[in-house]
Amino acid sequence: MRRNVFIGMKQNGRGLELTLGNFLRSAVSRNPEQKIYYQDKEIFTYAQFYRRVVNLANALVKLGLKKGDRVAVIDWDTNRYVECYYAIPIAGGAIHTVNIRYSPELIYYTISHAEDSFIVIRDEFVPLIEKNKELFSFIKGWIIYSESGKIGSSLEPKYNYDDLVKDEPSAKEKGKDVDIYDSAETSLPSTSEDDIATIFYTSGTTGLPKGVTFTHRNLVLHAVSLMSTLNEPPMSISSKDVVMPIVPLFHVHQWGFPHWVLSKGLPYVLPGRYNYALILKLIEKLHVTVTAMVPTILQLILMEPGSEGILRNSHLRIIIGGSALTEGLTKRAEALGLTVVGAYGMSETAPALTVSYISKEIEHLSPEEIKREITSAGFPVVLTQVKIVDSEMNDLPRDGKSIGEVVARAPWLTSGYWKMAEETEKLWRGGWLHTGDLGTMDRYGFLRIVDREKDVVKSGGEFVPTIILEDIISAVPGIMEVAVVGKPDQKWDEVPVAFYTSKEELKEDYLNREMDKFVETGRIAKFWKPVSFIRVDSFERTSTGKIDKKPLKERVRGGS
Ligand code: ADP
């Protein structure tokens, strides 16, 4: 018998509160039989998932979680992580998604800075904490998850995650048709849409990572906006889709997937720790049709043996964000029949600001022109305001040429950095969120990021937009990935140097000739031409998998 576990929802004077509890109840009640997959090992219906979430929320409250407490989660991309995405805010707390790609020191720093009260942790990460457990005397409890079911650890007090979520109806519910949420209401605190629901830390590529927080309301509106934006072609998300993002759950809400996928009622696949052979197997076995990732990950998947055969039949549509989608990568993906679209945002913006889609404005353009727009950083998503401004905050024309800072407003941007008032003021100067990115906007409203303020190369007083240059170089046959940085130069201040990866060494002569062709056709200015090309076996990556330009800059500055 299918139990009707969903009845009322929490109201406020304005109507329904935009809380994650209400959001989830609505999602699950509309599609209780839809599935959530952890790899191909475990399958849960939305209704089972919901029960586990409510059980976990209740357990956290019983363990002593207080309204406003932060609860850290340390795990790969699993169904349990997504359960925490809902359970912790429903219990009145804020989920702190810990960046497991940080160095141990930064992991310790962020947990201390957030002053987490509980930590949900996968067993394989326990030794990382045990090594320095004296740093964590403020933690009230360790909730450990192990695929083996056993949770041996010296961390105390400890609890077994799977015991806390046990899918058993409470005494009150037994034999009755009752909303498990309501039956648990006596112990769950009431939450408001303005309560903080999440906290996580920026990458820390410059200085220490900064904590950003988001409220229930921020996340619900972000999800609703993405859902409506992604209905548009070419993503055209429909009930036939199966979704498996390859974006870590620890980073910027996995770009909103844990929220919008459930609301849309789609099968949701969590791949665990990234293993590209397994990811390809899941794509094939579970018929995944929609995914998202940074360009580097797509690059790595395309290099995986056997990927071609699987991807060629998949008709996969891929949202690419986090870095620019280059011409070279687009070509490689399209050769396999994949659809790639560009998107843009950052930690501070939850993250969605722009996503590429075929808006009414561009429908009349030629297929080539449409492709160019679809692989840009995108078009402002529903409810956002995004513009390009000069240093005095004057709007710049939408001509696809004028370069200025990207500033934004939306109902889900972080209100500020955790315990960093001065940085917050800087972020929000003039009432707009300052992204620190330089971009252009064309007449149709499509954004292109040309550089980050901190990566800019200035040559002879002129600006070399490194992201645009990288995009163009990426299309040179033989080049896989490329990163351009500025090398100090007595005459010009700085000159561009290109680092690249390729299967085989490419002759400098050949690369120079290719660059000359771009100069002749006017695609690049003469002074953009890199003074040298340096082949590397691989790039160092930031904690989110992007090419880290810092060591490259150090290398050209040190002259080695
Ligand atoms: P970080 O890159 O510092 O690790 P974030 O994940 O917050 O941290 O990354 C946000 C930044 O990534 C943006 O400020 C921008 O510089 C870059 N970015 C994101 N999307 C794009 C895109 N489509 N094109 C170019 N750059 C992008």
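The figures here come from the full heavy-atom set of this structure, side chains too, leaving out hydrogens, waters and symmetry mates. Counting convention: from 1, in listed order, for ligands and their atoms alike.
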_Tell me whether ligand 1 is touched by Arg448 - counting only heavy atoms on the residue side and a distance under 4.0 Å._
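Judged by the 4.0 Å heavy-atom criterion, Arg448 does not count as contacting ligand 1.
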
*Give a yes/no on ligand 1: does Gly342 have at least one heavy atom closer than 4.0 angstrom to it?*
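Flag not set, Gly342 not near ligand 1.
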
*Hey, are the side chains of Leu316 and Val288 touching, using non-hydrogen atoms and a 4.5 Å cut-off?*
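Yes, at least one pair of side-chain atoms sits under 4.5 Å.
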
Sub-3.5 Å donor-acceptor pair from the side chain of [X] to the main-chain atoms of [Y], do we have one?
| X | Y | value |
| --- | --- | --- |
| Arg535 | Ser502 | yes |
| Lys503 | Gly478 | no |
| Glu494 | Lys458 | yes |

Contacting atoms of ligand 1, where contact means under 4.0 angstrom from a heavy atom of [X]:
| X | value |
| --- | --- |
| Ala343 | 20 (N), 22 (C), 23 (N) |
| Thr544 | 4 (O) |
| Met346 | 7 (O), 10 (C), 14 (O) |

_Residues forming a side chain to side chain donor-acceptor pair (under 3.5 Å) with Arg70, sequence neighbours excluded_ =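 Result, side chain to side chain donor-acceptor pair (under 3.5 Å) vs Arg70: none returned.
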
Heavy-atom pairs closer than 4.0 Å: do any link ligand 1 to the side chain of [X], the backbone, both, or neither?
| X | result |
| --- | --- |
| Ser543 | neither |
| Pro351 | neither |
| Arg452 | side chain |

*Flag Asp437 as yes when one of its N or O atoms lies below 3.5 Å from any N or O atom of ligand 1, and as no otherwise.*
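Between Asp437 and ligand 1 (N or O atoms, distance only) the closest approach is under 3.5 Å.
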
*asked:* Applying side-chain contact (heavy atoms from CB on, under 4.5 Å), can you list everything that pairs with Pro367, at least two apart in sequence or on another chain?
replied: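 Once residues adjacent in sequence are excluded, Pro367 has no partner under the side-chain contact (heavy atoms from CB on, under 4.5 Å) criterion.
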
